[in-house]
Amino acid sequence: MSPAARQPAIFIGHGSPLNIVADNSYTRDLEKLGTALTKPRAVLVVSAHWTTHGFFVGSDTANVTIHDFYGFPDTLYEKRYPAPGAPDVAQRVVELTGGAVQAAERGLDHAAWAPLIRVWPDTDVPVLELSLDLAEPAADHYALGRLL
């Protein structure tokens with residue numbers, strides 16, 4: 001992919017899990033974002049909800065929806081975001097990082113799917129997640145991001 005064809009890196013904080021089912025300015029802005037962006041070949045989400053020892057990238061072919069929140073209305077736990085995975089992109093992440101990142105099957109936690117359920121509700125954009133390494137300093141995370 002040429003640099004001109006690259007999508008922007010975007011930070012989206014998911015806020016309250018209740019935003020999954022809410023109708024408010026935040027959720028409407030996410031929906032507008034989905035129509036404003038060119039649909040990407042895949043989305044790589046860096047998730048603070050997936051902390052590990054070592055760096056990992058989701059290599060699932062089909063993602064399961066992880067409901068990693070507690071004490072909310074049942075309607076949130078009924079929601080699913082079965083976006084396809086992108087094992088080929090995961091392999092590319094492993095290659096670009098010289099093996100510093102390893103492939104792992106995991107699914108999507110709500111840091112990924114809660115915003116994306118509004119951005120691309122049709123679940124037709126492949127999604128994969130990158131973990132944060134609890135043992136590494138922020139500078140190493142930044143350097144990893146620069147490689148990608």
Side-chain angles (χ1 to χ4, degrees), residues 1-22 24 26-27 29-34 36-72 76-77 79-148:
M1 176 184 291
S2 71
R6 290 185 182 161
Q7 295 282 350
I10 300 172
F11 172 83
I12 302 174
H14 62 72
S16 168
L18 291 172
N19 283 321
I20 294 166
V21 295
N24 55 42
Y26 168 78
T27 60
D29 283 347
L30 289 176
E31 291 165 358
K32 288 177 191 171
L33 180 65
L37 293 172
T38 302
K39 196 172 285 188
R41 186 169 75 83
V43 172
L44 176 63
V45 175
V46 179
S47 175
H49 286 274
W50 187 16
T51 54
T52 54
H53 292 283
F55 289 107
F56 295 91
V57 64
S59 61
D60 305 80
T61 300
N63 284 304
V64 296
T65 304
I66 300 171
H67 295 86
D68 55 330
F69 45 78
Y70 307 96
F72 289 94
L76 271 68
Y77 302 98
K79 292 290 185 182
R80 299 287 181 269
Y81 193 74
D88 59 323
V89 177
Q91 183 56 41
R92 184 73 177 130
V93 168
V94 171
E95 292 167 5
L96 286 170
T97 62
V101 175
Q102 295 297 306
E105 292 187 2
R106 178 173 179 267
L108 300 176
D109 60 50
H110 81 281
W113 70 265
L116 293 178
I117 202 168
R118 296 304 183 120
V119 178
W120 292 295
D122 294 333
T123 65
D124 57 349
V125 174
V127 181
L128 60 160
E129 285 193 59
L130 181 69
S131 72
L132 297 180
D133 186 337
L134 291 169
E136 296 298 330
D140 289 357
H141 289 82
Y142 180 78
L144 185 67
R146 300 247 335 148
L147 284 174
L148 298 174

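No hydrogens, no waters, no symmetry mates; every other heavy atom, side chains included, goes into these values.
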Just grab all the ring pair (Phe, Tyr, Trp, His ring centres under 6.0 Å) pairs involving residues 102-146, residues at least two apart or on different chains.
His14-His110, His49-His110, Phe55-His141, His67-Trp113, Phe69-His110
Less than 4.5 Å apart, any side-chain heavy atom of [X] and any of [Y]?
X: Thr123; Y: Arg80; value: no
X: Val57; Y: Thr97; value: no
X: Glu136; Y: Leu144; value: no
X: Leu148; Y: Val101; value: no
X: Lys79; Y: Thr65; value: no
X: Leu108; Y: Ser47; value: no
X: Leu116; Y: Val127; value: yes
X: Leu37; Y: Ile10; value: yes

Just do the salt bridge (Lys or Arg N to Asp or Glu O under 4.0 Å) check on Arg41 and Asp88 with the steps written out, would you?
CA-CA 11 Å; Arg41 186 169 75 83; Asp88 59 323; 3.1 Å; yes
For the side chain of [X] and the backbone of [Y], is there at least one donor-acceptor N/O pair under 3.5 Å apart?
X: Asp60; Y: Gly107; value: yes
X: Tyr26; Y: Asn19; value: no
X: Asn63; Y: Pro82; value: no
X: Thr27; Y: Ala22; value: yes
X: Ser59; Y: Ala90; value: no
X: Glu129; Y: Asp109; value: yes

Nearest 0.5 Å, what's the [atom1]-[atom2] distance between [X] and [Y]?
X: Leu44; Y: Leu128; atom1: CG; atom2: CG; value: 5.0 Å
X: Asp133; Y: Asp140; atom1: CG; atom2: CG; value: 8.0 Å
X: Glu105; Y: Thr61; atom1: CD; atom2: OG1; value: 6.5 Å

Over all heavy atoms of both residues, which pair between Ile20 and Arg118 is shortest? Give the atoms and the distance, please.
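Between these two residues, the closest heavy atoms are O-NH2, 3.3 Å.
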What pair of heavy atoms forms the shortest contact from Leu130 to Trp50, and how long is it?
C-CE3, 4.0 Å
